[in-house]
Structures are given as C-alpha cells and as structure tokens.
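Both backbone and side-chain heavy atoms feed into the values below; hydrogens, waters and symmetry mates do not. Model, not experiment: these values are computed from the prediction.
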Amino acid sequence: VDRVKKVYVLGDSLVCIYYNGGNASNNYQTGWGQVLQSYLADDYEVVDLGNSGVIAEGLASSAITQVATSGKSGDIMLLESGYNDRSYTTEAKMKDAVRSMYDKATAAGVESVLVTPNASAHDFKESVSWSGYMKDVAKEKNAKLIDLSALSYKFFTSVGYTGNTAEPLATYNVSDKLHSTYHGAHKMASIVAGAMIDAGLGGAVDTSYKYTFKDSLGVTITCQASASN
C-alpha cells in the first residue's frame, strides 16, 4: 500500500475534531483542522492531533511524538498554539515547547509551519492572545508562518464586520463567541490552505474545491484556497 503524505495538525480547541462531526445543516462547533481535508490535494491526508484546552507544553509531551516517529519527508506539520498558553504558562515555557516541536518535526524531514490562533467574535483583533510569541519563534527559526490571526481578522473586516460581536457570532461562532461553527471552520480552513500556497506548499492544496454559504448579513461567502498574490 502506498503511503499517503500527511498534513499533521497540532493545536487546541480551535483546530481539533469534535465528536458530533459538525455539518452544514446544524452548524455545530467545529475545528478548522476537522474540515481542512476538503482543501487538500488527494495525495495528502490530514492527521488532526488537536486537543481542546491544550497548551504548547502539552503538545510537546504528546502529539509531537506521532510526528517525530511517523513523519516522513514530504509531510507537513501545521502547529497552532498561543491561545490557552497565556492563561496557564509563561512566555519562556511556551516558546521552548514550540521550538522543541519544530526541531523534532524538522529532524524527521517534516515541513513545519507555525500558525497563530484565529480571530473570532470573542477575540476580534488582528493579534489574538500570544500570536506574537508564535511569530517570534518563527522569526528565530526562520520557519514558515501562517498568521491566521491577522488573516482571519482581515477577512472579517473585508466583508463588513465592525467588531459588533453579534455579526460574526451569528454565522462564524457558536454561543461562546470563540469557537467556530461549521461555516466558520470552513472559512478558516480555506484561509489556511491559501496561506499554504503563499508559503510554497501549494502542491498540497486543492484550489478547485469550493464551499459556499450566506452569512448573517446576507453576503454569499465562498471558501476556496487561493494565493494572496
């Protein structure tokens, strides 16, 4: 059996898979890693190792093991962190954990990409939580970075959201204002996939897939991976 290349997704509740699976009809809570497969080429498979509530140190002692031991050259790791860390650890410990995971994945031949937490009705800003620390490590390691915090905020403002939490909440977030609905997860996943193209990883991306819906303002939103330039 030919081994399909992997896209490992490590992160917290913003990326993880939920038991109910989420779908368009009921718009349940959904992590963007849960729907990322739709935006990838057929010869890549998502392995979502996200875990709700986890911080970088937790990922560094658990999820990264699968990447380090099973990862092969040609695989990709998307490492999202920085949201829960601000409440449960220190800057130094978080950065050490991210560095360690990056080094282990890179040593296994896996292309490693750091990803910042996405914006939401709860965190309607360009730099969410400890996004800056993820950017610091990316710069230090000369690593690929997807600044999903800035990219998602840019999307929200581009379609007319002003910071009124009722607006993005009605379409993109569940009642806690933080976690994505099924629609919201698709939008985040399409942004991530587009950023993968910008990062030189376009071979892993399916640019033909489209997912469309109408938001609470009546705007038709198309989720499709595309390069920014």
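By the 6.0 Å and 45° rule, Lys187 does not stack over the aromatic ring of Tyr172. Within the cation-pi definition used here (under 6.0 Å to the ring centroid, within 45° of the axis), Arg86 qualifies as a partner of Tyr83.
Side-chain N/O atoms of Tyr153 and Glu126 include no donor and acceptor closer than 3.5 Å. No side-chain donor from either of Thr181 and Gln29 sits under 3.5 Å from a side-chain acceptor of the other. Defined by atom type and a distance below 3.5 Å, a donor-acceptor pair is present between the side-chain atoms of Asp198 and Ser228. Judged purely by distance below 3.5 Å, without hydrogens or angles, the side chains of Tyr161 and Asp215 pair a donor atom with an acceptor atom. Asp48 and Tyr8 share no side-chain donor-acceptor pair at under 3.5 Å. No donor-acceptor contact under 3.5 angstrom links the side chains of Asp147 and Ser149, judged on distance only.
Scanning both residues, Ala189 and Leu36, for their nearest heavy atoms gives O-CD1, 3.8 Å. When all heavy atoms are compared, the tightest approach of Phe213 to Cys223 is CE2-SG, 3.6 Å.
Using a 4.0 Å cut-off between charged nitrogen and carboxylate oxygen, Arg3 and Asp75 count as a salt-bridge pair. The pair Asp103-Lys141 counts as a salt bridge, with a side-chain nitrogen and a carboxylate oxygen less than 4.0 angstrom apart. The existence of a salt bridge linking Arg99 and Asp96 is confirmed by a sub-4.0 Å separation between a basic side-chain nitrogen and an acidic carboxylate oxygen. For the pair Lys6 and Glu45, the salt-bridge criterion is met [side-chain N within less than 4.0 Å of a carboxylate O].
For an aromatic pair to be called close, the ring centres must be under 6.0 Å apart, and Tyr39 with His186 satisfies this.
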